Amino acid sequence: EITENSPSQSAPDPGSNRESQPSDSGDKIQFPSHVNIEEISFRKNDLDFKQHNHKDKLDLIPSVVRLEINQGIMSPFVHGSMLISDFHNMKNLFGISGGEVLEIAFNTPGTSSLRRKFVVTSVSPSKDTNSRSQSLYTIEFASLIHFNNLTTKISRCYGGERSSIIKNIFDDHLKNDYDGEEIFIQKTDNGTTKFVVPFMSPLRAIEWLTRYSALNDSYDFVFYEDMIGPKLISIGTLKKNPPVKTYYTSQNTDSYRDWE
């Protein structure tokens, strides 16, 4: 199971009686959270992705009971959790305690694959089960934006358009070159400003600037990250975008419902 949550949608019950129409590629989508898991693996205590060693990778797919990825326009970074059923004492053998690099890849039928790297932020205590060799625990993770934000403080003065300042802050303090991740910036049009950052985290500074960013006299900008990457964009622009995917459902009727 994998879910992607956003303020404008919620996944339907996988057990509900819904039939979906085939997509253009011929793949059938049963419900919005229907995905194919390609990879869930991590490398221990290695934050230098340029020095990749396949021997350090540990495949977690056989042990993952539940996977959840959360993204939305009110969250500046992607985060999630997974429930692990551990029969091999991986938690102790590999020292899974936080800071490990987690790589997740999946696709929705009929769409291209999404692949992202995360950092483990916490590991819950193990829960005993009826089996002596099995333990259950939850691993929480977040994108590298969150990790870089926790370890960075800014004290300096910026000047210029708010959208340009936000891009500078992101490029200087949050961008991850190894991932090739670029921020999508929609240009603001409410003039220039001078902004003194008094020992703030990058995301706190971006949040303050976003609050006073405007387009056509509308102060509705949001800064958020999804599985594609980080974005600074107005809600008015988001409303004009076409639906990402349309799911056709039927219960002995010809009606359908759009999940945007």
Side-chain angles (χ1 to χ4, degrees), residues 1-5 35-72 75-108 112-126 135-153 169-184 201-203 206 223-231:
E1 177 187 355
I2 181 171
T3 58
E4 292 187 29
N5 302 325
V35 297
N36 300 317
I37 304 297
E38 300 173 6
E39 180 179 351
I40 306 175
S41 62
F42 73 81
R43 291 173 292 137
K44 181 180 179 295
N45 296 333
D46 177 14
L47 296 181
D48 184 2
F49 296 110
K50 296 178 182 178
Q51 304 297 326
H52 186 76
N53 185 348
H54 289 281
K55 294 181 180 179
D56 291 337
K57 295 185 80 171
L58 177 65
D59 182 13
L60 295 177
I61 289 181
S63 303
V64 175
V65 177
R66 183 182 67 247
L67 172 65
E68 180 176 331
I69 297 178
N70 302 289
Q71 63 180 34
S75 177
F77 55 88
V78 178
H79 59 97
S81 65
M82 54 186 177
L83 178 63
I84 301 294
S85 176
D86 190 349
F87 284 92
H88 305 288
N89 196 26
M90 295 185 299
K91 184 177 179 181
N92 295 322
L93 288 177
F94 293 94
I96 305 174
S97 58
E100 294 80 15
V101 176
L102 178 69
E103 187 164 356
I104 298 176
F106 64 89
N107 69 79
T108 299
S112 58
S113 175
L114 292 173
R115 179 178 296 271
R116 287 296 301 273
K117 294 181 176 70
F118 301 92
V119 173
V120 174
T121 56
S122 67
V123 182
S124 71
S126 299
S135 62
L136 293 173
Y137 50 87
T138 299
I139 295 178
E140 296 186 348
F141 53 87
S143 71
L144 267 292
I145 286 181
H146 174 62
F147 182 82
N148 290 343
N149 183 67
L150 290 177
T151 57
T152 305
K153 295 292 184 182
I169 292 175
F170 179 86
D171 289 345
D172 292 343
H173 303 287
L174 298 175
K175 184 177 179 180
N176 302 299
D177 294 332
Y178 54 82
D179 223 3
E181 188 176 65
E182 295 287 343
I183 182 173
F184 173 83
S201 67
L203 287 181
I206 289 175
F223 175 86
Y224 68 97
E225 182 189 30
D226 57 21
M227 288 294 291
I228 305 299
K231 296 174 175 62

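Note that the structure is predicted; figures quoted are calculated from it, not measured.
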**Request:** Verify side-chain contact (heavy atoms from CB on, under 4.5 Å) between Met82 and Leu102, making sure each step is shown before the conclusion.
**Result:** CA-CA 11 Å; Met82 54 186 177; Leu102 178 69; 3.7 Å; yes
**From CA spacing to verdict: side-chain contact (heavy atoms from CB on, under 4.5 Å), Leu67, Phe106** = CA-CA 11 Å; Leu67 172 65; Phe106 64 89; 5.8 Å; no
**Request:** For side-chain contact (heavy atoms from CB on, under 4.5 Å), just list the numbers for Ile84 and Ser63, CA-CA rounded to whole Å, side-chain angles, deciding distance to a tenth of an Å, and then say yes or no.
**Result:** CA-CA 5 Å; Ile84 301 294; Ser63 303; 4.0 Å; yes
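Nearest heavy-atom pair across His173 and Asn148 is O-CB, 3.7 Å. Contact record, Phe170 with Pro230: CZ-CG, 3.4 Å, taken as the closest heavy-atom pair. For the residue pair Ser112 and Asn107, the shortest heavy atom distance occurs at O-CB, 3.8 Å. Closest approach of Glu38 to Ile61, counting heavy atoms only: O-CD1, 3.8 Å. When all heavy atoms are compared, the tightest approach of Val65 to Ser85 is CG2-CB, 3.5 Å.
His146 meets the ring pair (Phe, Tyr, Trp, His ring centres under 6.0 Å) test with Phe77; sequence neighbours excluded. Taking Asp171 as the reference, Lys167 meet the side chain to side chain donor-acceptor pair (under 3.5 Å) condition, with sequence neighbours excluded. Partners of Phe223 according to the ring pair (Phe, Tyr, Trp, His ring centres under 6.0 Å) rule, which considers only residues two or more places apart in sequence or in another chain, do not exist here.
Side-chain contact check for Lys91 and Ser135: no donor-acceptor pair (N or O, by modelled atom type) lies under 3.5 Å.
Put simply, CD1 on Ile69 and CG on Asp226 are 11.5 Å apart, with the number rounded to the nearest 0.5 Å. Rounding to the nearest 0.5 angstrom, the gap separating the CG atom in Leu60 from the CD1 atom in Ile37 is 12.0 Å. Between atom OH of residue Tyr137 and atom CD1 of residue Ile96 there is a gap of 4.5 Å, rounded to the nearest 0.5 Å. Separating the CZ atom in Phe42 from the CZ atom in Phe94 is a distance of 7.0 Å, to the nearest 0.5 Å. In this structure, CG on Asn70 lies 7.0 Å from OG on Ser81, to the nearest 0.5 angstrom. Note that CG of Leu174 is 10.5 Å distant from CG of Leu144, once rounded to the nearest 0.5 Å.
Remark: side-chain polar atoms of Thr121 are paired, donor with acceptor, to backbone N or O of Glu140 under 3.5 angstrom. Using modelled atom types, no side-chain atom of Ser201 and backbone atom of Asn149 make a donor-acceptor pair closer than 3.5 Å.
Of the listed residues (His79, Arg116, Lys231), just one forms a side-chain contact (heavy atoms from CB on, under 4.5 Å) with Glu225, and that residue is Arg116.
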